[in-house]
Number of protein chains: 2
Amino acid sequence: METGYRGIPIPTIKRLPSYLRLLQGYREQGMEMVSATTLAEELGLKPIQVRKDISCTGIEGKPKVGFVVVNLIEAIIHTLGWDNATDAIVVGAGHLGSALARYEGFERYGLKIVAAFDVDPNKWDTWLGDVPVFPLSKVKEYIDRNHVNIGVLAVPADQAQETSELLVECGLLAIWNFAPKDLRLPDHVVVQRTDLATSFAVLSAKVRQKMNKKELSSEVDDW
Amino acid sequence: METGYRGIPIPTIKRLPSYLRLLQGYREQGMEMVSATTLAEELGLKPIQVRKDISCTGIEGKPKVGFVVVNLIEAIIHTLGWDNATDAIVVGAGHLGSALARYEGFERYGLKIVAAFDVDPNKWDTWLGDVPVFPLSKVKEYIDRNHVNIGVLAVPADQAQETSELLVECGLLAIWNFAPKDLRLPDHVVVQRTDLATSFAVLSAKVRQKMNKKELSSEVDDW
DNA sequence: TAGATTGTTAATCGATTAACAATC
DNA sequence: TAGATTGTTAATCGATTAACAATC
């Protein structure tokens, strides 16, 4: 069966948060209108791309003047689904998990970390900022009682697969995986990696390419 | 002037670390050969894509049997430039910066965090694992004396731009930016973002798309 | 040999970019 | 008005995927 609807392209989705941050800054400065040209220049993109991206949010602009800042902000937040706060748990309260649990910026994305879980008894009943740490064995009970949709996975690589399976059994719909491990999970589960290795690989490659180009001659970018 | 050489596609670069992790596991298990088909199945990719990716590393396989595991490992490490260790500093020793400084997995990528810097005097002369924390005011001196190429930026968003400019003035070639802020830096500097907002945006979008599909095709969920 | 897998060449797909008419 | 900016339609570009001959 064909739905035909493809949704907003992922590359566009990835740029929306950048627009949003910029626009929120503009709003604080009291700016009411902004052109795609300005946004593009600020972010090192091409105006045409910014216009295409904006069109995905459903907002229309006025020729010569541009777009209404607050409308754009609202539309982007809505497009990203960040207007409905989602509760999440952090699983694995090591260094990275702790940092994530304490990170205050998530609120801006409509993401609320409500609890953390770990297998280490020394961590039980401590707090990471406002976030309580519980035994991992209690995670099912917690998820059942509270409305948790997302699991932020920050366990060691060798425990990532089994822990993620546990979370799926508990009914979580989406897993944000910070462990350096590719997970094999059922199709109905959304998995998003934030893989330091991948990110560093791209960094390494860019450095290499830049050095090669310098050797050869000059310029050109991508990312 | 045309160089013609475009380098390895970024999407391929991003998949190489996944292959590498898998292959290193195979090596530990004593496997000597592996087919693209197997790798693909394990990672949820198509065999043809894996073959294309592998061809970028310059390794050739044998029909019917596949590729020599250790050759592949070596070639991927070399392609990523992970065989030459690079020294890096972490700038910003808050929760995230501390976690990054303490993260032991970087060694596998040929990345070595040699020092951290912060403006907060309470953090000076403490240690994050094996990594000493110094005053940010000493960063230029440190970079000049030691061979540091990469800066890992983990400061608050409102300090990211100026701090990154400082690092560029100190001569760093590349900045790995964990701050939720888009940096404007000279073209000769390589910037790689690891932006939680972007990553979460993709997660949010995938969840939405999945829910839309479910609505269209049949069942209705609520959450 | 037969069959699985490789590597290459061509087709497809999707995103970016260009061109340009519409408009305030 | 004149000129900058928008939105749309078409062209380009690059990555993925398909097709298939080569090969162990």
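In what follows, chains are A, B, ... by sequence order, proteins preceding strands, each numbered from 1.
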Undergrad: Specify the residues of residues 51-73 of chain B, ordered by number, for which at least one heavy atom lies under 4.0 angstrom from an atom of DNA chain D.
TA: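 Hits under 4.0 Å, by residue number: B:Lys52, B:Pro63, B:Lys64.
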Undergrad: Tell me which pairs pass side-chain hydrogen bond (donor to acceptor under 3.5 Å, both in side chains) where either residue lies in residues 60-81 of chain B, with sequence neighbours left out.
TA: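 For residues 60-81 of chain B: B:His78-B:Asp83.
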Undergrad: Between CD1 of B:Ile150 and CG of B:Leu172, what distance do you get to the nearest 0.5 Å?
TA: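 Going from the CD1 atom of B:Ile150 to the CG atom of B:Leu172 covers 9.0 Å.
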Undergrad: Looking at residues at least two apart in the chain, or sitting in another chain, which of them share a salt bridge (charged side-chain N to carboxylate O under 4.0 Å, His left out) with A:Arg21?
TA: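 Per chain and number, A:Arg21 pairs via salt bridge (charged side-chain N to carboxylate O under 4.0 Å, His left out) with B:Asp182, B:Asp195.
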Undergrad: Do any pairs count as a ring pair (Phe, Tyr, Trp, His ring centres under 6.0 Å) and have a residue in residues 163-186 of chain B, sequence neighbours left out, and if so which ones?
TA: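 Ring pair (Phe, Tyr, Trp, His ring centres under 6.0 Å) check on residues 163-186 of chain B returns A:Phe200-B:Trp176, B:Phe106-B:Trp176, B:Trp176-B:Phe178.
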Undergrad: So B:Ile13 and B:Leu80, do their side chains get closer than 4.5 Å, heavy atoms only?
TA: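 Sidechains of B:Ile13 and B:Leu80: in contact.
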Undergrad: Apply salt bridge (charged side-chain N to carboxylate O under 4.0 Å, His left out) to A:Arg184 and list each qualifying residue two or more places apart in sequence or on a separate chain.
TA: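 With sequence neighbours excluded, A:Arg184 shows a salt bridge (charged side-chain N to carboxylate O under 4.0 Å, His left out) to B:Glu42, given in chain and number order.
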Undergrad: Got a sec, which residues hit side chain to side chain donor-acceptor pair (under 3.5 Å) with B:Tyr19, two or more places apart in sequence or on another chain?
TA: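 Expected list: B:Asp53.
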Undergrad: Indicate whether the side chain of B:Lys181 and that of B:Gln161 have a donor and an acceptor atom separated by less than 3.5 Å.
TA: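 B:Gln161 and B:Lys181 do not have a side-chain donor-acceptor pair below 3.5 Å.
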Undergrad: Enter the distance from B:Thr12:OG1 to B:Lys52:NZ here, rounded to the nearest 0.5 Å.
TA: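 It comes to 9.0 Å.
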Undergrad: With sequence neighbours left out, what residues match B:Asn177 under side chain to side chain donor-acceptor pair (under 3.5 Å)?
TA: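 None.
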Undergrad: For B:Lys140, what residues pass the side chain to side chain donor-acceptor pair (under 3.5 Å) criterion, not counting sequence neighbours?
TA: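 Checked B:Lys140 against side chain to side chain donor-acceptor pair (under 3.5 Å); matches are B:Asp144.
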Undergrad: Can you pull out the residues from residues 38-48 of chain B that lie within a 4.0 Å heavy-atom distance of DNA chain C?
TA: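 Residues of residues 38-48 of chain B that come under 4.0 Å of DNA chain C are, in numerical order, B:Ile48.
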Undergrad: When you measure from every atom of DNA chain D, which of residues 27-36 of chain A have a heavy atom less than 4.0 Å away?
TA: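 Hits under 4.0 Å, by residue number: A:Ser35, A:Ala36.
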Undergrad: In what stems does DNA chain D take part, counting only runs of at least 3 consecutive Watson-Crick or G-U pairs whose two distances fall under 3.5 Å?
TA: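 Stem list for DNA chain D: C:3-24 with D:3-24.
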Undergrad: Nearest whole angstrom, please: distance from the C1' of C:dT16 to the CD1 of B:Ile10.
TA: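 Distance check: B:Ile10 CD1 to C:dT16 C1' gives 16 Å.
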Undergrad: For A:Arg108, check side chain to side chain donor-acceptor pair (under 3.5 Å) against everything at least two apart and list the hits.
TA: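 Testing A:Arg108 for side chain to side chain donor-acceptor pair (under 3.5 Å), a comparison that skips the adjacent residues, returns A:Gln24.
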